[in-house]
Amino acid sequence: MSDSRRVCVCPGSYDPVTLGHLDVIERAAAMFDDVVVAVLHNPDKRGTFTAAERVELLRHVLEGRERVRVVEFGGRLLVDVCRELGAAHVVKGLRGGADFDYELPMALMNRHLTGVETVFVAADPRLAHVSSSLVRQVNAYGGDVSGLVPDVVRDALVAHRRA
Ligand code: PNS
């Protein structure tokens, strides 16, 4: 791979990947040569799927997508991951003001640490209500999450609920 390729990182817990995440990843791929979907640990969140399961689901739904790869980085700093990958940009989606309030301190901290820039894309309004946490909650109480996550993820959630 040549050094001139523009690499971006789409970081997240992806617990689980939603259609909103996939929209942001698609749009990142339209702006950058290579997209690394980085599965990271969020110390403020308790997991449903293991990191390995999240990666497996992501790889499944992104199979065949050129220039997009999924990598698990565990409990590392995002800026260290970006440096290792040669990525000067992080791409994140914003569904509204609450997302902005959540994302801005992280974007500023990451820029403070290494100068990495965060590029925000406006989320598709049709997916503005879709979050991993609400999907988990709806599923946990027996609701149908079809149309919020890929079918394979829905099926994994149902299997997890029944386990
Ligand atoms: O999908 P999430 O949970 O909103 O993603 C948050 C995530 C995983 C991107 C964030 O917690 C993160 O970057 N974790 C890695 C550790 C890190 O770099 N923390 C400092 C962020 S300023």
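Predicted, not measured: the structure shown is a model, and the values here were computed from it. All ligand and atom numbering here is 1-based and tracks the order in the structure.
When non-hydrogen atoms are compared, ligand 1 lies under 4.0 Å from the side chain of Lys45 (C-beta onward) but not from its backbone. Using a 4.0 Å cut-off between heavy atoms, Asn110 contacts ligand 1 through its side chain alone, with no backbone atom that close.
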Query raised in the report: Taking it one step at a time, do Leu22 and Leu62 satisfy side chain to side chain contact (heavy atoms under 4.5 Å, CB included)?
Result: CA-CA 8 Å; Leu22 292 180; Leu62 290 167; 3.9 Å; yes
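Remark: distances from the non-hydrogen atoms of Tyr102 to ligand 1 include one below 4.0 Å.
Going from atom OG of Ser131 over to atom CZ of Arg136 covers 8.0 Å, rounded to the nearest 0.5 Å. The structure places CD1 of Ile25 at 12.0 Å from CZ of Arg27, a figure rounded to the nearest 0.5 Å. One finds the CZ atom of Phe73 at 4.5 Å from the CG atom of Leu85 (value rounded to the nearest 0.5 Å).
Between Phe100 and Phe120, the ring planes lie perpendicular to each other; the angle is over 60°, past the 30° to 60° tilted range.
Within 4.0 Å of atom 7 (C) of ligand 1, not a single protein heavy atom is present.
Considering only non-hydrogen protein atoms, atom 5 (O) of ligand 1 sits nearest to Gly12 CA, 3.5 Å. The protein heavy atom nearest to atom 19 (N) of ligand 1 is Leu77 CD2, 3.9 Å. Scanning the protein for heavy atoms near atom 13 (O) of ligand 1, the closest one is Leu78 CB, 3.7 Å.
Residue Met106 holds the heavy atom nearest to atom 10 (C) of ligand 1 of all those in His21, Met109, Arg76, Met106. Of all the listed residues (His41, Lys92, Glu103), His41 holds the heavy atom that lies closest to atom 12 (C) of ligand 1.
Using a 4.0 Å cut-off between charged side-chain N and carboxylate O, Arg76 and Glu84 make a salt bridge. No salt bridge links Asp34 with Arg67; every basic N to acidic carboxylate O contact stays at or beyond 4.0 Å.
The shortest N/O to N/O separation between Asn42 and ligand 1 falls below 3.5 Å. Residue contacts with ligand 1: Ser13 is placed with a nitrogen or oxygen under 3.5 Å of a nitrogen or oxygen of the ligand (distance criterion only).
Atoms of ligand 1 lying under 4.0 Å from any heavy atom of Leu40, numbered from 1 in the order shown and given with element: 8 (C).
A distance-only check finds a donor-acceptor pair linking the side chain of Arg161 to the backbone of Asn139 [under 3.5 Å].
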